[in-house]
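Working notes for the structure below.
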Protein chains: 2
Amino acid sequence: MPVASSANQTAKASPSKTVRAPAAQRGATRLQVDQAVRNALLTGRFVPGKAVTLRGLAQELGVSPMPVREVIQGLAAERALDVKPNGRVQVPEMTADRFSEILKARLLLETELSCMAMENLDNTDAKELTSIDLDIDESIISGNAEAYMRLNHLFHFRIYRASNSSILLPLVESLWLQFAPYMRTVYGRVGTVNLIDQHKEAIHAISNKNADALRNAITADIQDGMGMIGREGLPPEA
Amino acid sequence: MPVASSANQTAKASPSKTVRAPAAQRGATRLQVDQAVRNALLTGRFVPGKAVTLRGLAQELGVSPMPVREVIQGLAAERALDVKPNGRVQVPEMTADRFSEILKARLLLETELSCMAMENLDNTDAKELTSIDLDIDESIISGNAEAYMRLNHLFHFRIYRASNSSILLPLVESLWLQFAPYMRTVYGRVGTVNLIDQHKEAIHAISNKNADALRNAITADIQDGMGMIGREGLPPEA
DNA sequence: CTGTTTATTTTGTGATCACAAAATTGAGAA
DNA sequence: TTCTCAATTTTGTGATCACAAAATAAACAG
């Protein structure tokens, strides 16, 4: 899945004379790498434990190792990637401690975020969320875990983004990057059919402009989605 | 303040033959740059709006621009540095919205963190915290804002670190990196003598193993430290 | 076949380079 | 002076290189 124009790669014609494509805009390559890796993490295409190598990712995306290095450093700072003591980078493994702490943090921050968002949400947003939720239902019954994760993220952050938050929102985004790869492995084990859709009540709360109801719906959604794991055997390995 | 051995810099002897120092260990240079910038931010030596340039920082620390690039990317991902649309990097400016949100996030996360830490804190920790607090008192009366900020960070995170948290702790660290530079400008304006020391009660709560009391003390400390700004004129500029 | 040791490959790290976009400076005209 | 525009410098970006540590593969001895 090359992300850059083919003229960009293998730019080695004459010595000490590197030809470069016009470069659509400043930092476009890094941005594309960043989005590619983020999407891969959020949709579970990067499995916990998976090794992430500079040259590997660079070749896979059709770019030089340079922008990949910077993106990896950024994602490592967000704890979305794990830099081992020997420098190797991998998708973090989940542990029981990490999981329960993420659950706690999500409940704390995402309920707050949804309350903040409430005052800026109107019926137009409710309709959009309804549309997304329909796609979510479809992804659940069809067992398309990747689509489910993408849409579920879209649903939640469509709400949170209305909060106009510049502090809490990035923190929550970091949390999602951390637990998403593990959730994907859970869906692979127990499927997606067991998922309960708590989104209907969230939409209803938004339509009624009831902040408390939205808070409860978000709480229920988080606890349903992640609490399920508690009954399945939390730690993937001891 | 060169951070690397003098043998490392100006390593340009013969063409295409770079001499390198034995390299104490893997990633040591980047780690030193990272700690240097983090300390500068946390102690307020980097003022909001200050431009952070690759070559500038690299030369100041006596390293090549390479490790600086990676560190900056990491700190930008933690919102500790602000990457403008044109690629320039600077210490973030504070706004009223950001400030109140940071305050809210601190109250949410740091109280939780202190409660988690309580069960692992013993009298040895209390004595250490007392020692730190004495130094804090001294820094306040002497008006040494930089020392105060360093010690205050040390005090809080000595507590939080006992929580053995791997999720919430990095989030809070990100918050401190974000508000520290601004706080320094406030201390420069109104001085440090107005600061109220709420740490005594926190230490007392730890000695008594009273989680609720610790929560209250941390809450009071945060609100005292940051609530003061509300009476001084929050936004540095509109 | 098993365990150990050596050779090979992979991989992160620091450094340097070339280039373009952007900011800054400088000169000249009104 | 003040404005405008060209020249210069600064700065981030992508690319490539050299090196060492680490991981893997390959020999080899038992």
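By convention in this document, chain letters (A, B, ...) are assigned in the order of the sequence lines, proteins followed by strands, and residues within each chain are numbered from 1.
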### Query
What's the verdict on side-chain contact (heavy atoms from CB on, under 4.5 Å) for A:Met66 and B:Arg69, showing C-alpha distance, side-chain angles and the deciding distance?
CA-CA 10 Å; A:Met66 207 56 234; B:Arg69 277 171 74 168; 3.7 Å; yes
### Query
Which whole-number value in Å describes the distance from B:Glu70 CD to D:dG12 P?
15 Å
### Separation of atom CD in A:Glu60 from atom P in C:dT11, rounded to whole Å
13 Å
### Task
Among D:dG14, C:dT16, D:dG12, find the nucleotide with the atom closest to the side chain of B:Ser64.
C:dT16
### Query
Taking CD1 from B:Ile72 and C1' from D:dT13, how many angstroms apart are they, rounded to a whole number?
13 Å
### Task
Could you list by number each residue of residues 78-90 of chain B showing a heavy-atom separation from DNA chain D of less than 4.0 Å, or answer none if no residue does?
B:Gly87, B:Arg88
### Query
Quick one: which of D:dG12, D:dG14, C:dT13 gets closest to the side chain of B:Arg55?
D:dG12
### Query
Does the salt bridge (charged side-chain N to carboxylate O under 4.0 Å, His left out) test come out yes or no for B:Arg38 and B:Glu78, once each step is laid out?
CA-CA 11 Å; B:Arg38 283 188 133 84; B:Glu78 296 185 60; 2.4 Å; yes
### Message
From CE of B:Met66 over to P of D:dG12, roughly how many Å is that when rounded to an integer?
### Response
13 Å
### Query
Are the side chain of B:Thr43 and the backbone of B:Asn39 linked by a donor-acceptor contact shorter than 3.5 Å?
yes
### Query
How many Å lie between CG on B:Leu31 and C1' on C:dG14, as a whole number?
15 Å
### Query
When you measure from the side chain of B:Arg69, which nucleotide among D:dG14, D:dT11, D:dA20 comes out closest?
D:dG14
### Task
Answer with base, sugar-phosphate or nothing: what part of the nucleic acid does B:Arg30 contact at a heavy-atom distance below 4.0 Å?
sugar-phosphate
### Query
C:dT11 P sits how many Å from B:Arg26 CZ, rounded?
12 Å
### Message
Tell me the interatomic distance from A:Gln59, atom CD, to C:dT10, atom C1', rounded to whole angstroms.
### Response
13 Å
### Message
Any side-chain to backbone donor/acceptor pair from A:Asp97 onto A:Ser100? Under 3.5 Å, distance only.
### Response
no
### Message
Test your reading of the model: is there a side-chain donor-acceptor pair from B:Asn152 to the backbone of B:Phe155, 3.5 Å cut-off?
### Response
no
### Query
Of the nucleotides C:dT11, D:dG12, C:dG14, which has the atom closest to the B:Leu54 side chain?
D:dG12
### Query
What is the ring orientation for B:Phe179 with B:Trp176, classed by angle as parallel under 30°, tilted 30 to 60°, or perpendicular over 60°?
tilted
### Query
For residues B:Ser114 and B:Glu110, is any side-chain donor paired with an opposing acceptor at under 3.5 Å?
no
### Message
Just to be sure I understand the rule, does A:Val52 reach a base, reach only the sugar-phosphate, or reach nothing, if contact means heavy atoms closer than 4.0 Å?
### Response
sugar-phosphate
### Query
In whole angstroms, how far is the P atom of C:dT11 from the NZ atom of A:Lys50?
12 Å
